[in-house]
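To start, the structure itself, in C-alpha cells.
Given the structure is predicted, the values throughout are model-derived calculations rather than measurements. In the text below, chain A, chain B and the rest are named by the order of the sequence lines, each starting its count at 1.
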Protein chains: 2
Amino acid sequence: MTDEPRAWQVVLEAIERDLLDGRLRPGDHLPGERALSADLGVGRSSVREALRVLEVLGLIRTSTGSGPNSGAIIVALPGGGMSALMRLQVAATGFAVEDVVKTRLVLESAVAADLAGASPRPSLAASVSLLDAMESELSAAEFLALDAEFHLTLADASGNQVITATMAGLRSSIESYARLGAASVPSWPDTAARLMREHRGIINAIESGDSASAGAAVHSHIAGYYAETNFPTHRLDDMPA
Amino acid sequence: MTDEPRAWQVVLEAIERDLLDGRLRPGDHLPGERALSADLGVGRSSVREALRVLEVLGLIRTSTGSGPNSGAIIVALPGGGMSALMRLQVAATGFAVEDVVKTRLVLESAVAADLAGASPRPSLAASVSLLDAMESELSAAEFLALDAEFHLTLADASGNQVITATMAGLRSSIESYARLGAASVPSWPDTAARLMREHRGIINAIESGDSASAGAAVHSHIAGYYAETNFPTHRLDDMPA
DNA sequence: TAAACTGTGTGGTCTGACCACACCGACGAC
DNA sequence: GTCGTCGGTGTGGTCAGACCACACAGTTTA
C-alpha cells in the first residue's frame, strides 16, 4: 500500500530535505551515524549506505577520530561525483565513448566562445602558466595530465561550476582512452607540438575577443586529436590471460 | 605505507575492473552479496555499501527473491544517477541554479543546431506528438512535465546518450524551481501559449534545416522563460515554523 | 613549563541473525 | 497424465552488537 521506501532512502531523503530547507549547509557537520540511526529509526548500516552514496557523490567528506575535523562534513565538491558517475557509466557501456567526446566538444566550444565574448574578459593567467609548464620535455602521460588541467582552467575561467564539473567528469571517464591514443600516434613529439600550437591559438582567439573562431579552434583541436588517435568505439573484447 | 583503501572501495574497484575488462556486461548478474564478500575478503556490509553506490549511480538494479530476475543486475541507466547527483549538488549549493540553467542553454542549443544540420534528419515524431498532447487544457504542473519530456525527446533524437542524461539531470535538479516559476507568472495560460508557439518554432527551424536559427530559437525559449519567472539564485534563507 | 598519558567519541569494519520475497521442485488430488 | 499446492532454498534488506584505529581534550607526570 504505502510502498515502503528502503531504509537508506529514508536517510538520503531526510538529509536532502535538510539541505533544501537550509538546516544543513556546506561546512556543517552531520549528526553522528549512531545519532542519525536513532533519530530516523533505522539501523546504523542503513545510515552508512546513505552516507556512502553522499560521499561518492561528492557531498560529504568523512574522517575518523574526534574533534572539529572529524565526522561527516558537507563539502559539496561537484567534481568527484561526476567523475565517478561518468567513469562507471562508460565502463558499463551506458555511455558510448563517442558521445562523451561529442559532449566535450559542445561544452568546451561553448566555453571558449563565451570567454571570448565576455566583458570584462576573465583572466586566463592560470591557463597560460600551464601552457608554459607544458613547453618542457614531458612524457605523454605527463603532457596529457597538464593538457587536461589546461582545458579545465578554461572551464573554470568561465565561472560555471556545472560545466567545469561536467567537463572534469567527461575527461576522466575517457582518460584511459586518451592514454591509449597517445601511444598510437606516429610521432608523439610532433603531436604534442601541434597540440601546443593549437592551445596557443585558442588563447589568442579568446583574448582577441573573437567568439566564433575561439569556438572553432577548440572544436578542431579536440576533434582533431580524437580523429588522429583512431579512437576506439569500445575496447577490450578480448581478455588477458 | 600502503594507504589501505577502504573496504567498500575495494569492491567498487573490483566491479569497475570487471566492467572494463568485459567480464561484466549490461544484463549480467553480479555474484551474490555473500559471495562477493567472501571473494574479496571484506564484510557483507562493505559489499552492500558499494552496491548501494552502484544502484544510485544507475549501474545496477537489485531485486529480492530468487530466480533470473533477482539479485543485482547490471543495467547502466545513465539518467537516474545524473539526476540524483545534480539534485543533491544543487540542494547543497555546490551547483548554482544559474549555472545549471546556463548549461542547459548550451547543451540544448547545440542539440537543436545539430539536429537541424544532420542528414538524414532524425525523426521528430515523438517530439511533435508531445506538442499535440500539450495543446489540451493542462495544469501548470502537467504542462511542465510534458514540457520537460518534449525537451528530452529532442536530446534523444540527437542520439547522444550523454547529453540526454545530462539534460535530464539538469532539468530534474531545478524542477522545483521551475514549478515555483510557473506560479509567479502573471498569466499562466498566456505563458503556456507562448511556450507552445516557441516549441513549434523550434521544430520548424529544425525541420527547415536552419542550424543557426534552431539554436537561437532554443536559446531564447529557455532564457526567456527563466527571465520571465524571475528565477531565484538561491531560495529559502528563511525557514518555516 | 612541557611532555606523556588516559578517557571518550568518531567513523570503519565485521559477524551473525532475522525477515520478506520469489522461484522451483516434489508431492498429492483429480 | 495433468494440474494445483506447498515447502525448501537462496536472494537482497535490515538490524544489533561488537571490535578497531584514530584524533582530540583534559589530566597527570617529569
Side-chain angles (χ1 to χ4, degrees), chain A residues 1-15 18 24 27-77 80 84, chain B residues 1-15 18 24 27-77 80 84:
Chain A
M1 180 74 72
T2 44
D3 227 7
E4 291 283 350
R6 308 222 243 133
W8 59 271
Q9 288 178 326
V10 172
V11 181
L12 222 43
E13 282 159 17
I15 294 177
D18 283 351
L24 284 177
D28 287 353
H29 279 69
L30 254 55
E33 297 178 356
R34 292 160 179 87
L36 275 176
S37 165
D39 290 350
L40 301 173
V42 300
R44 192 185 160 206
S45 49
S46 299
V47 171
R48 298 199 96 252
E49 291 179 19
L51 293 185
R52 198 85 310 119
V53 168
L54 292 177
E55 181 174 350
V56 171
L57 259 36
L59 267 122
I60 65 173
R61 170 180 72 74
T62 63
S63 343
T64 63
S66 87
N69 284 337
S70 75
I73 303 179
I74 314 257
V75 290
L77 298 172
Chain B
M1 181 74 73
T2 42
D3 228 6
E4 290 283 351
R6 308 221 242 135
W8 58 272
Q9 288 179 325
V10 172
V11 181
L12 222 43
E13 283 159 16
I15 294 177
D18 283 351
L24 284 178
D28 287 354
H29 279 69
L30 252 54
E33 297 178 354
R34 294 159 178 87
L36 274 176
S37 166
D39 290 351
L40 301 172
V42 301
R44 191 184 160 206
S45 48
S46 300
V47 170
R48 298 198 96 252
E49 291 180 19
L51 293 185
R52 197 86 311 116
V53 169
L54 292 177
E55 181 175 353
V56 171
L57 259 35
L59 268 123
I60 64 174
R61 172 179 72 74
T62 63
S63 341
T64 63
S66 89
N69 284 338
S70 75
I73 303 180
I74 313 259
V75 289
L77 299 172

Can you check the [X] [atom1] to [N] [atom2] distance for me, whole Å?
| X | N | atom1 | atom2 | value |
| --- | --- | --- | --- | --- |
| B:Glu55 | D:dT11 | CD | C1' | 14 Å |
| A:His29 | C:dT10 | NE2 | C1' | 10 Å |
| A:Arg48 | D:dC15 | CZ | P | 15 Å |
| B:Arg44 | D:dC15 | CZ | P | 13 Å |
| A:Arg6 | D:dC15 | CZ | C1' | 16 Å |
| B:Leu36 | D:dG12 | CG | C1' | 12 Å |
| B:Glu49 | D:dG13 | CD | C1' | 14 Å |
| B:Leu54 | D:dG13 | CG | P | 13 Å |

Considering all heavy atoms of both residues, which atom of [X] and which atom of [Y] are nearest to each other, and what is their separation?
| X | Y | result |
| --- | --- | --- |
| A:Ser70 | A:Gly67 | OG-O, 2.9 Å |
| A:Gly27 | A:Ile73 | O-CG2, 3.7 Å |
| A:Val75 | A:Gly58 | CG2-O, 3.7 Å |

Quiz prompt | Residue mapping more 5' on DNA chain D - nearest nucleotide basis, B:Ser45 or B:Ala72 | solution =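 Between the two, 5'-proximity favours B:Ala72.
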Quiz item: Which residue lies toward the 5' end of DNA chain D, A:Gly41 or A:Asn69, if each is placed at its nearest nucleotide?
Solution: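 Residue closer to the 5' terminus by nearest nucleotide: A:Gly41.
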The side chain of [X] is closest to which nucleotide in this list: [options]?
| X | options | value |
| --- | --- | --- |
| A:Glu33 | C:dG12, D:dC24, D:dG12 | C:dG12 |
| A:Thr64 | C:dA22, D:dT14, D:dC22 | D:dC22 |
| B:Arg34 | C:dC18, C:dT10, D:dC24 | C:dC18 |

Self-check item: side-chain contact (heavy atoms from CB on, under 4.5 Å) involving B:Val42 - partner list, sequence neighbours excluded
Solution: B:Ala7, B:Val11, B:Leu40, B:Ser46, B:Val47
With heavy atoms under 4.0 Å as the rule, sort [X] into base, sugar-phosphate or nothing.
| X | answer |
| --- | --- |
| A:Ser63 | sugar-phosphate |
| A:Gly65 | base |
| B:Arg52 | sugar-phosphate |
| A:Ser46 | sugar-phosphate |

Self-check item: Evaluation steps, side chain to side chain contact (heavy atoms under 4.5 Å, CB included), between A:Leu51 and A:Ile15
Solution: CA-CA 10 Å; A:Leu51 293 185; A:Ile15 294 177; 4.2 Å; yes
Quiz item: Does the side chain of B:Thr62 come within less than 4.5 Å of B:Glu33's, by heavy atoms?
Solution: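 Not touching, per the 4.5 Å side-chain cut-off.
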Practice problem: Could you walk me through whether A:Arg52 and A:Glu55 pass the salt bridge (charged side-chain N to carboxylate O under 4.0 Å, His left out) test, one step at a time? | Solution: CA-CA 5 Å; A:Arg52 198 85 310 119; A:Glu55 181 174 350; 2.8 Å; yes
Quiz item: In terms of the nearest nucleotide of DNA chain C, which residue is placed more toward the 5' end: A:Ser66 or A:Thr62?
Solution: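 Residue closer to the 5' terminus by nearest nucleotide: A:Ser66.
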Self-check item: Dot-bracket line, read 5' to 3' along DNA chain D, where crossing pairs take [ ] and | marks a partner on another strand, Watson-Crick or G-U under 3.5 Å
Solution: ||||||||||||||||||||||||||||||
Quiz prompt | Verdict with reasoning, B:Leu57 to A:Val53, per side chain to side chain contact (heavy atoms under 4.5 Å, CB included) | solution = CA-CA 9 Å; B:Leu57 259 35; A:Val53 168; over 6 Å; no
